[in-house]
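Numbers for residues simply follow the sequence, beginning at 1.
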Amino acid sequence: MNILDGRQLARDIRAELAEEVTKIKEKGGRPPHLAAVLVGDHPASQVYVRNKVRSCEKVGFRSTLIRRPADVGEAELLDIVGQLNQDEEVDGFIVQLPLPGHIDEEKVTLAINPEKDVDGFHPVNFGRMAQGLPCYLPATPAGILEMIRRYEIQTEGKEVVVVGRSNIVGTPISILLSRKAYPGNATVTICHSRTKDLPDHLRRADIIIAAIGIPEFIRGDMVKEGVVAIDVGINRVEAPDTEKGYRLCGDIDFGSVSPKASLITPVPGGVGQLTVVSLLINTLKAAKGEIYV
Ligand code: L34
């Protein structure tokens, strides 16, 4: 078993980004600028957005955090999005999800100018992604591709089983890994809550990508020897004896799967780390005007 070390990869990528920032400044340019909108006090969102802001600081990007209470009106939020679309000092921005129930997430996503949509959630970016056109890739799938590249994991002709079909992870990573490219050229199966015999699919997989949101759902007896196990889940489970009162775990049962896996991502310290740096990579692309020319 080998650990796929997300923290180390993220450090390597941050060092590369910091170098790019130095070059931009040497040429008299300003550093890339990411803005993040955070609504309410969803505990995990606080942590994720803080990690994004800190990551910007580490590489020398400018960042702006816009916070609003959970009862913010939809109109005010749409107004903030409109202002960020207009603000020439902001290269890219995100609205952290989930949003409170009274706000229509789709409406907010559609209001974002695709050219500044560094999350890659706008249908224009999703459509471009699906057609292999220049676009901002959603951060988690982009992070998974980056892991595959940097660990030189072979994907051509491999059986990939993606568990979960969300718009932000399961569906896009399935499209990306079946594209005619590297990483890609894999045979991809998408499994979900209505899949009849999940273990039967999982046991055939060379690579498993788990994005279901159920703690330690995939166990060792469901996977084959040598599998590459990529765990997107970040679940908080009660742990009364710990300082925080919870512990983090993935959708893959690390204890039973890791002895059979050739490579496995830990939680925390795996995919989540790459999600954050992928957002920075997109922000740099936005600043350079690389996608929409
Ligand atoms: N708009 N909403 C928008 N964009 C996104 O890209 C996200 N996502 C997902 C949730 N909502 C979003 C994130 O930012 C998930 N996500 C995210 C970001 C960071 C981390 C995990 C998920 C992360 O930093 N994970 C750490 C542990 C964090 C902890 O201690 O809780 C890790 O090592 O995995």
Distance from [X] atom [atom1] to [Y] atom [atom2], nearest 0.5 Å?
X	Y	atom1	atom2	result
T195	H192	OG1	NE2	4.5 Å
I214	C249	CD1	SG	11.5 Å
R50	L65	CZ	CG	11.5 Å
K244	E238	NZ	CD	15.5 Å
E57	S63	CD	OG	5.5 Å
C56	L34	SG	CG	4.5 Å

With a 3.5 Å distance limit and no angle check, can you tell me whether [X] reaches the backbone of [Y] through a side-chain donor-acceptor pair?
X	Y	answer
D231	I252	yes
Q154	E152	yes
T155	G184	yes
N2	L263	no
N282	Y136	no
K116	D87	yes
Q46	G40	yes
R149	Y182	no
R128	P134	yes

Working for salt bridge (Lys or Arg N to Asp or Glu O under 4.0 Å), residues R247 and E216:
CA-CA 12 Å; R247 68 181 174 89; E216 297 168 335; 3.3 Å; yes
Greater than 12 external heavy atoms within 6.0 Å of [X]'s [atom1]:
X	atom1	result
E106	CD	no
R11	CZ	yes
E156	CD	no
K224	NZ	yes

Shared hydrophobic cluster for [X] and [Y] (ILVMFWY, side-chain gaps under 4.5 Å):
X	Y	answer
I24	V59	yes
I153	I144	yes
L97	L38	no
I264	V223	yes
Y48	V95	no

Residues R7 and D5 bridged, charged N to O under 4.0 Å:
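The answer is no: the pair does not qualify as a salt bridge.
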Looking at V161, T265, L177, V163, which hits side chain to side chain contact (heavy atoms under 4.5 Å, CB included) with I209?
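That would be L177; it is the only one of V161, T265, L177, V163 passing the side chain to side chain contact (heavy atoms under 4.5 Å, CB included) with I209.
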Side chain to side chain contact (heavy atoms under 4.5 Å, CB included) partner of V162, the single match among I173, I230, I175
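Only match with V162 under side chain to side chain contact (heavy atoms under 4.5 Å, CB included): I173.
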Is the shortest heavy-atom distance from the side chain of [X] to the side chain of [Y] under 4.5 Å?
X	Y	answer
R194	R165	yes
L110	H122	yes
E20	L284	yes
R68	E76	yes
S174	T189	no
N167	P172	no
V232	D251	no
I94	V118	yes

Evaluation steps, side-chain contact (heavy atoms from CB on, under 4.5 Å), between D206 and V227:
CA-CA 5 Å; D206 300 306; V227 70; over 6 Å; no
Kindly list each side-chain donor-acceptor pair under 3.5 angstrom involving residues 268-280, sequence neighbours excluded, with atom names and distances?
residue	atom	partner	partner atom	Å
T275	OG1	T140	OG1	3.0
T275	OG1	V271	O	3.3
S278	OG	A139	O	3.4
S278	OG	G143	N	3.2
S278	OG	L274	O	2.8

Answer with yes or no whether the side chains of N113 and Y292 bring together a donor and an acceptor at under 3.5 Å.
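Looking only at side-chain atoms, N113 and Y292 do not form any donor-acceptor pair under 3.5 Å.
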Worked check of side-chain contact (heavy atoms from CB on, under 4.5 Å) between V228 and S262
CA-CA 6 Å; V228 173; S262 58; 3.6 Å; yes
Go through H33 and T64 one step at a time and tell me if the side-chain hydrogen bond (donor to acceptor under 3.5 Å, both in side chains) criterion holds.
CA-CA 8 Å; H33 181 188; T64 299; 2.7 Å; yes
Non-hydrogen atoms of G60 and V21 that approach each other most closely:
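In terms of heavy atoms, the two residues are closest at O-CG1, 3.7 Å.
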Nearest atoms (heavy-atom pairs only) where F93 meets V81
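Taking every non-hydrogen atom into account, CZ-O, 3.8 Å.
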Is there a salt bridge (Lys or Arg N to Asp or Glu O under 4.0 Å) between R150 and E146 once you walk through the steps?
CA-CA 6 Å; R150 291 185 184 234; E146 201 59 35; 2.8 Å; yes
